[in-house]
Amino acid sequence: MTDRTESVESMEQLATVWRAMVLDRDTEADVRDLPGIAVRWADSQFSFWNCLTLTEADADSALLGQRLSEAADIMRAKERPGFLWLFEDLLDDEARAGFRAAAEKAGLEYAFPGTGMAGDFLPVPDPSHPDLTFVRVTTDEQLEAYADLNSRAYGFPLEDGRAGLVGSALWKSDVHAYLGVRDGVAVTCAATVAANGCLFVVLVATDPAWERRGYGEAVTRKALHEGARATGLTRATLHATEAGAPVYPRIGFKPNSPIHFYGLRG
């Protein structure tokens with residue numbers, strides 16, 4: 001694949017997976033494919049489920065400015081905050097050089113960076129870690145533990161993470177979600193879900209008190225191993241945070257488009 005093709009794939013994976021995740025939270029959620037903008041907005045306390053992304057490849061500066069203004073207007077109409085995901089490599093060279101100023105002009109505020117990644121490397125061996133036992137999420141109690149790990153890792157209140165996951169049938173069946181358990185306590189988690197012929201890695205987190213022990217890599221390998229074993233898929237994609245990005249090339253992922261997360265300026 002070319003870099004642009006992988007960037008398009010990365011954006012489309014987000015739109016596909018987030019459609020399922022958002023509708024899982026609320027069957028009446030705002031899920032629309034507008035010209036140039038994919039809306040995936042549950043108006044959830046868990047702000048990751050409130051998502052917009054720009055979808056046009058090779059957008060120039062004028063089109064980018066228009067879409068950013070439209071996206072900001074959509075976000076202002078919502079009750080709860082969320083994020084615009086901007087895939088940098090979908091923009092043409094001029095737009096790429098000026099997207100930060102264009103976002104500011106539209107009333108958006110930079111939140112944090114990310115990176116799209118993908119690779120054809122599945123299956124991976126069934127992993128092990130001397131500290132961990134891996135447990136698939138099949139109960140609401142386990143799903144609450146999964147939510148709490150994400151809240152601690154990303155700085156959300158516990159109730160916000162639980163609002164995003166607890167009670168989900170999707171996460172207890174179609175998603176291959178795993179906890180890494182140490183001495184009876186969940187300390188790390190990762191999940192994969194099939195989408196458009198790939199496994200998509202979603203909501204990887206490690207309790208900050210247990211970082212830098214290889215736990216996140218191990219549980220991600222477990223989710224990939226089990227997802228590939230169940231589906232037969234050989235390609236995987238993900239969107240990494242800055243903190244998590246160094247982990248994934250060790251598994252087999254290669255970076256593609258930088259991603260920039262924006263919220264509304266307060």
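Without hydrogens or angle criteria, Thr53 side chain to Ala38 main chain gives no donor-acceptor distance under 3.5 Å. Checking side-chain atoms of Trp49 against main-chain N and O of Gly164 turns up a donor-acceptor pair under 3.5 Å. In this structure, the side chain of Tyr146 does not engage the main chain of Leu165 through any donor-acceptor pair within 3.5 Å. Checked by atom type and distance alone, the side chain of Asn50 pairs as donor or acceptor with a backbone atom of Ser44 at under 3.5 Å. For the pair His176 (side chain) and His225 (backbone), a donor-acceptor distance under 3.5 Å is absent. In this structure a side-chain-to-backbone donor-acceptor pair under 3.5 Å is missing from Asn256 to Ser7. The closest donor-acceptor contact from the side chain of Glu217 to the backbone of Gly214 lies at 3.5 Å or more, if one exists at all. In this structure, the side chain of Asp43 engages the main chain of Arg80 through a donor-acceptor pair within 3.5 Å. In this structure, Arg182 contributes its side chain and Thr133 its backbone to no donor-acceptor pair below 3.5 Å. Distance alone, capped at 3.5 Å, is enough to place a donor-acceptor pair between the Thr192 side chain and the Ala223 backbone.
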*Checking side chain to side chain donor-acceptor pair (under 3.5 Å) for the pair Glu70/Gln66: CA distance, chi angles, key distance, verdict?*
CA-CA 6 Å; Glu70 292 167 348; Gln66 178 184 338; 3.1 Å; yes
*Should Glu6 and Thr237 be marked as a side-chain contact (heavy atoms from CB on, under 4.5 Å) after you check the CA-CA gap, both sets of side-chain angles, and the distance that decides it?*
CA-CA 10 Å; Glu6 288 202 342; Thr237 63; over 6 Å; no
*Intermediate values then yes/no, salt bridge (Lys or Arg N to Asp or Glu O under 4.0 Å), Glu159 and Arg162*: CA-CA 5 Å; Glu159 58 268 25; Arg162 292 174 184 179; over 6 Å; no
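Exactly one residue among Trp41, Phe83, Phe156 makes a ring pair (Phe, Tyr, Trp, His ring centres under 6.0 Å) with Phe46. That residue is Phe156. Just one of Leu64, Leu68, Leu54 meets the side-chain contact (heavy atoms from CB on, under 4.5 Å) condition when paired with Phe99; it is Leu64. With Met117 as reference, Leu238 is the one residue of Ile251, Leu238, Val201 to meet the side-chain contact (heavy atoms from CB on, under 4.5 Å) rule.
Counting heavy atoms from C-beta on, the side chains of Val202 and Trp18 come closer than 4.5 Å. Using a 4.5 Å heavy-atom threshold, the side chains of Val8 and Leu90 count as touching. Between Val22 and Cys51, the closest side-chain pair of non-hydrogen atoms is not below 4.5 Å. Taking 4.5 Å as the limit, some side-chain heavy atom of Phe87 sits within range of a side-chain heavy atom of His239. You'll find the side chain of Glu56 reaches within 4.5 Å of the side chain of Arg67, heavy atoms only. You'll find the side chain of Leu14 stays beyond 4.5 Å of the side chain of Ile259, heavy atoms only. For the pair Ser257 and Met11, the minimum side-chain heavy-atom distance is 4.5 Å or more. Put simply, the side chain of Val219 does not reach to within 4.5 Å of the side chain of Leu132, judged on heavy atoms.
The aromatic ring centroids of His129 and Phe134 lie 6.0 Å or more from each other.
Taken to the nearest 0.5 Å, the CG atom of Asp148 stands 4.5 Å off from the CG atom of Leu158. Considering CD of Glu79 and CD of Gln45, their distance stands at 9.5 Å, rounded to 0.5 Å. The CG atom of Leu52 sits 9.0 Å away from the CZ atom of Arg32 when rounded to the nearest 0.5 Å. Between the CG atom of Asp131 and the OG1 atom of Thr188 there is a distance of 11.5 Å, given to the nearest 0.5 Å. One distance of note links CZ of Arg96 with CD of Glu88; it measures 6.0 Å at 0.5 Å rounding.
Ring-plane geometry between Phe48 and Tyr154 is classed as perpendicular, the angle between the planes exceeding 60 degrees on a 0 to 90 degree scale with a lower cut at 30. Using a 30° and 60° split on the angle between ring planes, His260 and Tyr110 fall in the tilted class, from 30° to 60°.
For Arg76, the CZ atom is densely surrounded, since the number of other residues' heavy atoms within 6.0 Å is greater than 12.
Salt bridge present: Arg19 and Asp33 bring a charged side-chain N and a carboxylate O closer than 4.0 Å. Under a 4.0 Å N-O distance rule, the pair Arg4/Asp58 qualifies as a salt bridge. Using a 4.0 Å cut-off between charged nitrogen and carboxylate oxygen, Arg152 and Glu211 do not count as a salt-bridge pair. By the 4.0 Å N-to-carboxylate-O rule, Lys222 lies close enough to Asp126 to be salt-bridged with it.
Residues Ile37 and Leu108 share a single hydrophobic cluster, defined by chaining ILVMFWY side chains whose heavy atoms lie under 4.5 Å apart. Val185 and Val137 end up in different hydrophobic clusters when Ile, Leu, Val, Met, Phe, Trp and Tyr side chains are linked at under 4.5 Å.
In plain terms, the two heavy atoms of Arg25 and Ser168 that are nearest each other are NH2-N, 3.4 Å.
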